[in-house]
Number of protein chains: 2
Amino acid sequence: MAERKSVPDPTLLRICRYLRILERHGAPTISSAAIAEAAGVNAAQVRKDLSFFGEFGQPGVGYDVKQLLSSLKKMMGLDREREVIVIGAGALGSALINYPGFENRGFKIVGVFDNNPAKIGHRLRGYEVMPIDRLAEVISEHNVSIGIIAVPRQSAQDVADALIEAGVYGIVNFAPVTLKVPDDVVVRSVDLTLQLETLAFHLDN
Amino acid sequence: MAERKSVPDPTLLRICRYLRILERHGAPTISSAAIAEAAGVNAAQVRKDLSFFGEFGQPGVGYDVKQLLSSLKKMMGLDREREVIVIGAGALGSALINYPGFENRGFKIVGVFDNNPAKIGHRLRGYEVMPIDRLAEVISEHNVSIGIIAVPRQSAQDVADALIEAGVYGIVNFAPVTLKVPDDVVVRSVDLTLQLETLAFHLDN
DNA sequence: ACTTGTGAAGCATTTCACAGCC
DNA sequence: GGCTGTGAAATGCTTCACAAGT
């Protein structure tokens with residue numbers, strides 16, 4: 001929970017987006033203006049964001065893409081593999097399991113869980129679907145630090161409780177509820193309909 | 001694009017979450033403190049958020065749940081059905097198509113598109129998958145105002161361009177890129193990995 | 001006694017603007 | 001000439017605190 005120097009959350013999210021831009025950038029160097037243009041933000045914003053992590057650029061030249069990439073990855077904790085599990089083998093869980101963005105960024109799925117007996121034991125895109133009661137076992141065996149909740153709203157809190165009980169400190173929640181967790185657990189939510197709903201407002205106004 | 005009185009974006013997102021809380025609330029009235037507790041925010045925040053849309057509460061009593069719900073839905077533009085299309089019939093598109101949250105909130109899917117010949121013509125959870133070149137036709141025929149982009153990063157901008165060309169003014173983008181669009185088009189992005197990536201940082205710090 | 005609605009204060013984030021460096 | 005890094009200004013958002021209503 002505690003941060004060395006308190007990096008603003010919006011900065012963290014933007015840095016991840018810069019990472020993608022850098023990865024697809026051809027030239028060996030890039031300016032803050034070019035990153036800003038690709039990310040749709042202000043150039044000063046880019047420089048300020050980077051400044052939370054150090055000084056990476058050369059005045060008059062810009063940033064060395066390769067070097068900036070590896071520095072940022074390291075500072076963001078994205079330079080090593082992490083074991084994650086997915087709870088919920090429905091349509092969404094299934095989509096997440098083979099979403100390339102996860103494995104590409106070092107998040108290795110080491111378990112898929114569901115409480116539906118019809119699904120348990122079957123293979124889902126290469127992963128065996130396990131019953132929820134094996135959660136704790138898999139978590140400790142693979143040293144899982146992150147759980148991805150892709151179950152219906154009704155069971156999301158129960159799953160979160162089980163994850164925390166088993167020692168998971170990071171949760172990505174795809175269910176449309178606000179999870180109640182202790183202060184030392186970090187929850188980040190992705191709500192599939194929220195943005196769509198706000199769009200209704202924007203189109204009318 | 002233009003708003004009557006400029007409602008902050010965070011407020012819009014929270015209002016949508018309050019909507020869900022209200023829908024699941026048993027009692028006929030609710031206080032700002034109760035909404036706040038369920039949403040994990042400050043009670044003053046709830047009152048301020050609601051105040052952007054009007055005065056709905058009674059001092060000493062709270063808010064009439066039914067009345068607040070219907071007022072908010074109306075002000076958010078969620079009181080009527082809207083036609084949407086989904087572009088991309090891969091794992092994610094497929095998950096979105098039968099995600100209950102969409103239809104439940106008045107977003108009616110009237111078309112599913114993909115450019116993969118192997119998928120075109122086949123039915124996907126009840127929807128016929130159509131080729132991208134029928135986009136404009138379906139959009140004008142069904143009066144589609146919102147397009148949901150669930151294609152890989154590489155084709156997302158092309159799809160956005162085609163949507164805009166065909167008269168769509170609202171886009172929900174699930175691809176991990178920043179789309180370039182004219183000022184009168186509203187894009188809202190949902191990034192499936194961004195939150196997971198920031199979690200890596202939080203767990204290390 | 002309890003709860004709303006809201007000015008005003010407090011805090012956070014973004015943008016500006018420019019000194020300093022290549 | 002072009003670009004970074006960063007104080008300072010500007011903006012935006014959240015929380016406080018309280019008058020007013022029931």
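Only this structure's heavy atoms are used, side chains among them; waters, hydrogens and symmetry mates stay out. Chain naming here is simple, since letters A, B, ... match the order of the sequence lines and numbering starts at 1 in each.
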K.L.:
For residues 138-146 of chain A, tabulate all N or O donor-acceptor pairs below 3.5 Å that involve a side-chain atom, not counting sequence neighbours.
P.N.:
residue, atom, partner, partner atom, Å
A/Ser140, OG, A/Ala136, O, 3.4
A/Ser140, OG, A/Glu137, O, 3.3

K.L.:
Between CZ of A/Phe113 and CG of A/Asp133, what distance do you get to the nearest 0.5 Å?
P.N.:
9.5 Å

K.L.:
Mind checking the CD1-OG spacing from B/Ile87 to B/Ser155? Nearest 0.5 Å is all I need.
P.N.:
11.0 Å

K.L.:
Is any side-chain heavy atom of B/Val151 closer than 4.5 Å to one of B/Asn115?
P.N.:
no

K.L.:
Where is the tightest heavy-atom contact between B/Ala150 and B/Phe174, given as atom of each residue plus distance?
P.N.:
CA-CB, 4.5 Å

K.L.:
With a 4.5 Å cut-off on side-chain heavy atoms, are B/Asn116 and B/Val129 touching?
P.N.:
no

K.L.:
Return a table of donor-acceptor pairs under 3.5 angstrom between the side chains of residues 53-66 of chain A and protein atoms on other chains or two or more places apart.
P.N.:
residue, atom, partner, partner atom, Å
A/Asp64, OD1, A/Lys66, N, 3.3
A/Asp64, OD1, A/Gln67, N, 2.9

K.L.:
Partners of A/Arg24 by salt bridge (Lys or Arg N to Asp or Glu O under 4.0 Å), sequence neighbours excluded?
P.N.:
none

K.L.:
Heavy-atom contacts under 4.0 Å between residues 18-26 of chain B and DNA chain C, which residues?
P.N.:
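None - not one residue of the stretch has a heavy atom sitting under 4.0 Å from the strand.
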
K.L.:
Report the distance from atom OH of B/Tyr99 to atom OG1 of A/Thr193, rounding to the nearest 0.5 Å.
P.N.:
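With rounding to 0.5 Å, OH (B/Tyr99) is 5.5 Å from OG1 (A/Thr193).
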
K.L.:
Looking at residues at least two apart in the chain, or sitting in another chain, which of them share a side-chain contact (heavy atoms from CB on, under 4.5 Å) with B/Leu13?
P.N.:
A/Leu194, A/Gln195, A/Thr198, B/Asp9

K.L.:
Quick check: closest heavy atoms across B/Arg125 and B/Ile97, and the distance to 0.1 Å?
P.N.:
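The answer is CB-CG2, 4.3 Å.
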
K.L.:
Report yes if at least one side-chain N or O of B/Ser32 is closer than 4.0 Å to OP1 or OP2 of C/dT3; otherwise report no.
P.N.:
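No, outside the criterion.
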
K.L.:
Any side-chain heavy-atom pair from B/Ile148 and B/Phe102 closer than 4.5 angstrom?
P.N.:
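With C-beta onward as the side chain, the pair touches.
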
K.L.:
Note down the inter-axis angle between the two ends of the helix from C/dA1-D/dT22 to C/dC22-D/dG1, five pairs each, to the nearest 10°.
P.N.:
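Between the axes fitted at each end of the helix from C/dA1-D/dT22 to C/dC22-D/dG1 lies an angle of 0°.
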
K.L.:
Of all residues at least two apart in sequence or in a different chain, which pass the ring-ring contact (aromatic ring centres under 6.0 Å, His included) check with A/Tyr169?
P.N.:
none

K.L.:
Using the side chain to side chain contact (heavy atoms under 4.5 Å, CB included) rule, pick out the option among B/Asp204, B/Leu199, B/Leu196 that qualifies with A/Arg82.
P.N.:
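Testing each of B/Asp204, B/Leu199, B/Leu196 against A/Arg82, the sole residue satisfying side chain to side chain contact (heavy atoms under 4.5 Å, CB included) is B/Asp204.
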
K.L.:
Pair up each side-chain donor or acceptor in residues 25-41 of chain B with any protein partner under 3.5 Å, not counting sequence neighbours, and list the distances.
P.N.:
residue, atom, partner, partner atom, Å
B/His25, NE2, B/Thr29, O, 3.2
B/Ser31, OG, B/Ala33, N, 3.4
B/Ser31, OG, B/Ala34, N, 3.1
B/Ser32, OG, B/Arg47, NH1, 3.1

K.L.:
State, with a plain yes or no, whether a side-chain heavy atom of B/Arg153 is found less than 4.5 Å away from one of A/Arg20.
P.N.:
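B/Arg153 does not reach A/Arg20 side chain to side chain.
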
K.L.:
Would you check if B/Phe201 and A/Cys16 make a side-chain contact, meaning some heavy-atom pair closer than 4.5 Å?
P.N.:
no

K.L.:
Report, as a single string ordered 5' to 3', how protein heavy atoms within less than 4.0 Å touch nucleotides 7-15 of chain C: B base, S sugar-phosphate only, - not at all.
P.N.:
BB----SSB

K.L.:
Can you list, by residue number, the residues of residues 55-66 of chain B that have a non-hydrogen atom closer than 4.0 angstrom to DNA chain C?
P.N.:
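Per residue number, the list reads B/Glu55, B/Phe56, B/Gly57, B/Gln58, B/Pro59, B/Gly60, B/Val61, B/Gly62, B/Tyr63.
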
K.L.:
Let's see if you get this right: which residues in residues 33-40 of chain A place a heavy atom under 4.0 Å from DNA chain D?
P.N.:
none

K.L.:
Along DNA chain D, 5' to 3', what are the outermost nucleotides having an atom less than 4.0 Å from a heavy atom of chain A?
P.N.:
D/dG2 to D/dA8

